[in-house]
Colleague: 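Attaching a single structure in C-alpha cells format; questions to follow.
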2 protein chains.
Amino acid sequence: MRLTTKGRFAVTAMIDVALHGTDGPVTLAAVSERQRISLSYLEQLFGKLRRSGLVDSVRGPGGGYLLARTAAELSVAEIIVAVDEPIDATQCGGRENCLDDRRCMTHDLWAGLNNHIFSFLSGVSLAHLVAQQQAVAAKAMETRKAPAGTKPCKVPVTAAA
Amino acid sequence: MRLTTKGRFAVTAMIDVALHGTDGPVTLAAVSERQRISLSYLEQLFGKLRRSGLVDSVRGPGGGYLLARTAAELSVAEIIVAVDEPIDATQCGGRENCLDDRRCMTHDLWAGLNNHIFSFLSGVSLAHLVAQQQAVAAKAMETRKAPAGTKPCKVPVTAAA
DNA sequence: GTTTAGTTGACTAAATTATTCGGGTATACA
DNA sequence: TGTATACCCGAATAATTTAGTCAACTAAAC
C-alpha cells in the first residue's frame, strides 16, 4: 500500500465521475477540465481503473466512463491499489534472497502495517468521501455571511451542482 | 501524509535502533549493515529524525543514535512525517490560486483523509511494531520443527537478541 | 463516413528516491 | 597531543516514479 499524489489524482477523478455520472458516461475531457489533470494522464489512470474493473467505458459519441459499481461499493483502497504499481513491498518477498534476520523482520513488519492501512482504506468508500464533502459544502453555505477573504480557499456554495 | 519506501526505511531503521540501543548508542554503520540501507542515506534520514527530536545523537567514539523517547512514545506517524517532505498536500492551499469548485473539493477531501490516516498511524507505536514482530518470532520458534525450506523468508529464532 | 471518445504504446520532462563522494566537527582514548 | 571514531553537512549523481505529450488506432453514434 503506497500513498502518493498518483492515488490522489485517481480518487479525485473517481469522485468527479461519481458526481457527474448520474445521467450518462463522463468524458475524461470533462474530468480533465474540472480537476485540472492532464487528459493523457487521466487516460493512463483510467486504463488501469478499467482493467481493474472499477469503471466501465462506453466508446463513441456520448461515451465516457461510469462507475462499475455504486459509489458506496467502491473503496479508496481499491482505487489506490489499481493505479499504484504492484509495489515490491518487501525486498525479500520471493525473488530476493533473504540475507539475514533483520531483513525478514522488516518483511513481516511492513506486511502487518500494510494490512492495517489497507483495511482502514477499504472501509472508506467513494460515497463516504462525497457525503463528507457535501456536508462541508452545506456548512459553508450557512456561514457564507462571514467576512470574505478570511480563507482564500473555501468550498463554494455551488459545489454540489 | 505520504507513504513511500522512504518512510519505511526510516521506520525500519528506528526499529533497529530500538532493538539494539538498549545499552548504548547505535551507530549508523551497524544499522546500515543489518538493514542493507546505504550509510549516507541513513545519515540523511537520521539528520531529519534528529532535527525532529525523535532521536538523540552522541558524537565521537562509542557514539551513535538513541531514541529520544521510549519506543512506546514514538509513533510511526511521527517518523514518516519527519522524513517525508512537507508535502504540498493540496495544490490550492495557500500560494496557489483556487481556480474552481472542484479544486477546493479535493482540498478538503484529502485533508480529511489525511487526518484519518495520520491519526491511525499515530496510534501505532514503535514498541507496538516490535512486540508484534517478537510475537511472530516466538511463534516461528515453536513451529520450528516444520519441514525446512517451505518458506524461504522466515523469521529466525535468534531475532530478538 | 464523419465525428466523438475510448485504447494503446512510445516518448519526454520533472520530481523524488537512493546512493556516492568529499569534506567537516566533536569526542573518547592513548 | 594525536588519532580514530562517528556524527554532520552539502553537493553531485543515478535510478525510479510521476506527470505530461504525441501519434495512431478502434468502436460507436449520427
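In what follows, chains carry the letters A, B, and so on, assigned in the order in which the sequence lines appear, proteins first and then strands, with residues in each chain numbered from 1.
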Colleague: Output the rounded distance in Å from CZ (B:Arg36) to P (C:dA18).
Modeller: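 In whole Å, C:dA18 P lies 18 Å from B:Arg36 CZ.
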
Colleague: Which of these, A:Leu121, A:Thr12, A:Val11, sits in a side chain to side chain contact (heavy atoms under 4.5 Å, CB included) with A:Ile79?
Modeller: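 Passing option: A:Val11.
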
Colleague: Tell me the side chain to side chain donor-acceptor pair (under 3.5 Å) pairs involving residues 57-75 of chain B, sequence neighbours left out?
Modeller: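 Qualifying pairs, neighbours excluded: B:Arg69-B:Glu78, B:Thr70-B:Glu73, B:Ser75-B:Glu78.
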
Colleague: By side-chain contact (heavy atoms from CB on, under 4.5 Å), which residues pair with B:Glu43, not counting sequence neighbours?
Modeller: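 Residues passing side-chain contact (heavy atoms from CB on, under 4.5 Å) with B:Glu43: B:Leu28, B:Leu39, B:Ser40.
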
Colleague: Taking only residues two or more places apart in sequence or in another chain, which ones pass side-chain contact (heavy atoms from CB on, under 4.5 Å) with B:Ala29?
Modeller: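 Partners of B:Ala29 by the side-chain contact (heavy atoms from CB on, under 4.5 Å) criterion, ordered by chain and then number, come out as B:Thr27.
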
Colleague: Ignoring hydrogens and angles, write down the donor-acceptor pairs under 3.5 Å from the side chains of residues 49-56 of chain A, residues two or more places apart or on other chains.
Modeller:
from: A:Ser52; atom 1: OG; to: A:Lys48; atom 2: O; distance (Å): 3.0

Colleague: Near DNA chain D, under 4.0 Å by heavy atom, which residues of residues 39-59 of chain A?
Modeller: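 A:Ser40, A:Tyr41, A:Gln44, A:Arg59 - these, ordered by number, are the residues of the stretch whose heavy atoms sit under 4.0 Å from the strand.
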
Colleague: How many Å lie between CD1 on A:Ile37 and C1' on D:dT18, as a whole number?
Modeller: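 A:Ile37 atom CD1 is separated from D:dT18 atom C1' by 13 Å.
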
Colleague: Just compare C:dA18, D:dC7, C:dT4 and give me whichever is closest to any side-chain atom of B:Thr5.
Modeller: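 Closest nucleotide among those given: C:dA18.
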
Colleague: Given atom CG of A:Leu66 and atom C1' of D:dA28, what is their separation to the nearest angstrom?
Modeller: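 Whole-Å distance recorded here is 15 Å.
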
Colleague: Taking only the side-chain heavy atoms of A:Arg2 (C-beta and beyond), determine which of D:dT17, D:dA6, C:dA28 contains the nearest atom.
Modeller: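 Nucleotide nearest to A:Arg2's side chain: D:dT17.
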
Colleague: Rounded to whole angstrom units, what separation is found between the OH atom of B:Tyr65 and the P atom of C:dT27?
Modeller: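 After rounding, the gap between these two atoms is 14 Å.
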
Colleague: Of B:Lys6 and A:Val26, whose closest DNA chain C nucleotide lies nearer the 5' terminus?
Modeller: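 It is A:Val26, whose closest nucleotide lies nearer the 5' terminus.
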
Colleague: For A:Lys6, which residues count as a side-chain hydrogen bond (donor to acceptor under 3.5 Å, both in side chains) partner, sequence neighbours excluded?
Modeller: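 Result, side-chain hydrogen bond (donor to acceptor under 3.5 Å, both in side chains) vs A:Lys6: none returned.
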
Colleague: Check the distance between C:dA15's C1' and B:Asp84's CG and give it to me in whole angstrom.
Modeller: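 In whole Å, C:dA15 C1' and B:Asp84 CG are 14 Å from each other.
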
Colleague: Would you tell me if any nitrogen or oxygen in the side chain of B:Thr4 comes within less than 4.0 Å of OP1 or OP2 on C:dT16?
Modeller: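 So the side-chain polar atoms of B:Thr4 never come under 4.0 Å of the phosphate oxygens OP1 or OP2 of C:dT16.
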
